[in-house]
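Worksheet: the structure to be examined is printed underneath.
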Amino acid sequence: MKKNSYMNMLAELNVLSAHPGGKLLTKQMINELGITPDMTILDAGCGLGETARFISEMYGCKVNAIDSHPVMVSKARKKLENNKNVVVQFTTVLDLPFTENSFHHVICESVLSFTHAPKALKEIQRVLKDAGQVLINEMCLRQPFSSIDEKKVKNFYGVETLYTNNDWLNLLKNSGFSKVTELPFKPSEEPATEILLPDNITREQLDILDEHAEMLNMMSGHVEPILLSCEK
């Protein structure tokens, strides 16, 4: 399998939401932030820009959306080209091109598990305003599984480390967040990955989707979502 083929597939098939809970959970999380029009929000790992679009249209605030996948950034820019409240940038969460204390809130979903989380969290903490809040939706290792299966999951998704609940809490506290709270997660009937298969889908893309289904089955009971609220 080619490097990053799962991420490439998400971009090529225009998958709007590939994180646990789907768009419904994202909206529920955002509603807890108390966003007002005078705020500036960072969508760290914006994908195709769906969350940034929702925030800007719902709350009338400024949103900076960043992603490190060139196809996703290109498509997000195209989608949001007439939205004056959203700026989409091609960059990495490991080296955010913003000054300290730039954002009132940060949204980060299914990003930290796919990069070097300790460095990314320190960058997010740096650009967050005092008393600002970060909402995180990531995968969490709840029950250990075989080293062979764990290696398969890491290789397929390009995950550096599968963090446990305590790992996440310690990472956030060590990154300078003063208040870290795990939020309750209620499974939704809405699928985590929303895909409308195009007529011209390739054999390789179908194979990746099949392998993704196998990985989800393998992770069942072992890897589950974790929702975290962090304050600076």
Side-chain angles (χ1 to χ4, degrees), residues 3-4 6-8 10 17-21 25-26 29-30 33 41-47 51-52 64-69 72-73 89-98 100-103 105-129 132-145 147 149-183 185 192-193 212 215-216 219 222-232:
K3 185 178 180 181
N4 297 324
Y6 173 71
M7 289 296 181
N8 292 339
L10 295 180
S17 174
H19 53 265
L25 179 60
T26 297
M29 292 174 63
I30 292 169
L33 288 174
I41 310 299
L42 174 63
D43 184 1
C46 66
T51 297
N64 282 83
I66 67 121
D67 206 284
S68 61
H69 195 289
M72 289 186 177
V73 168
Q89 293 177 257
F90 175 55
T91 189
T92 170
V93 72
L94 298 175
D95 187 22
L96 295 170
F98 309 110
E100 296 180 3
N101 306 309
S102 292
F103 299 99
H105 300 303
V106 179
I107 310 294
C108 192
E109 296 187 282
S110 294
V111 174
L112 299 173
S113 295
F114 300 91
T115 187
H116 187 58
K119 184 174 182 180
L121 285 168
K122 288 182 179 179
E123 273 293 272
I124 290 172
Q125 196 270 353
R126 179 183 66 81
V127 302
L128 187 66
K129 290 180 179 291
Q133 189 173 354
V134 181
L135 288 181
I136 293 171
N137 181 0
E138 289 291 338
M139 62 172 64
C140 179
L141 183 62
R142 302 288 187 177
Q143 293 291 336
F145 49 6
S147 58
D149 287 349
E150 182 171 341
K151 184 177 180 181
K152 288 179 180 178
V153 170
K154 288 180 178 179
N155 288 341
F156 178 76
Y157 292 110
V159 172
E160 185 171 298
T161 305
L162 285 173
Y163 293 107
T164 65
N165 174 286
N166 286 334
D167 290 337
W168 280 117
L169 296 176
N170 289 331
L171 267 175
L172 290 161
K173 290 174 182 176
N174 291 337
S175 299
F177 293 99
S178 61
K179 184 178 180 181
V180 180
T181 305
E182 182 176 355
L183 305 174
F185 175 78
T193 306
H212 172 55
M215 292 298 115
L216 292 177
M219 291 189 293
H222 299 279
V223 179
E224 297 177 354
I226 187 168
L227 308 182
L228 297 156
S229 169
C230 320
E231 295 181 16
K232 185 172 179 179

* **Ring geometry between His212 and Tyr157 (parallel below 30°, tilted from 30 to 60°, perpendicular above 60°)** => perpendicular
If I compare all heavy atoms of [X] with all of [Y], which pair ends up nearest, and what's the gap?
| X | Y | answer |
| --- | --- | --- |
| Ile41 | Ile107 | CG2-CG1, 4.3 Å |
| Ser68 | Phe90 | O-CE1, 3.2 Å |
| His69 | Asn8 | NE2-OD1, 2.7 Å |
| Leu228 | Glu182 | CD2-CA, 3.9 Å |
| Thr51 | Glu109 | OG1-OE1, 4.1 Å |
| Leu112 | Ile124 | CD2-CD1, 4.3 Å |

* To do: Show your working on side-chain hydrogen bond (donor to acceptor under 3.5 Å, both in side chains) between Lys232 and Asn101 and close with a plain yes or no.
  => CA-CA 10 Å; Lys232 185 172 179 179; Asn101 306 309; 3.0 Å; yes
* Which is it for Leu162 and Glu150 under the side chain to side chain contact (heavy atoms under 4.5 Å, CB included) test, yes or no, and what are the steps along the way? -> CA-CA 8 Å; Leu162 285 173; Glu150 182 171 341; 3.7 Å; yes
* To do: May I ask you to decide if Val111's main-chain N or O and Glu138's side chain share a donor-acceptor pair within less than 3.5 Å?
  => yes
* Ionic contact status for Glu123 with Lys119, cut-off 4.0 Å -> no
* Could you walk me through whether Ile66 and Phe98 pass side chain to side chain contact (heavy atoms under 4.5 Å, CB included), step by step? => CA-CA 11 Å; Ile66 67 121; Phe98 309 110; 4.0 Å; yes
* Asked: So do the side chains of Val153 and Phe145 get within less than 4.5 Å of each other, counting heavy atoms only?
  -> yes
* Asked: Just wondering, do Arg142 and Ile226 contact through their side chains at under 4.5 Å, heavy atoms?
  -> yes
* Flag if over 12 foreign heavy atoms under 6.0 Å of NZ, Lys122 -> no
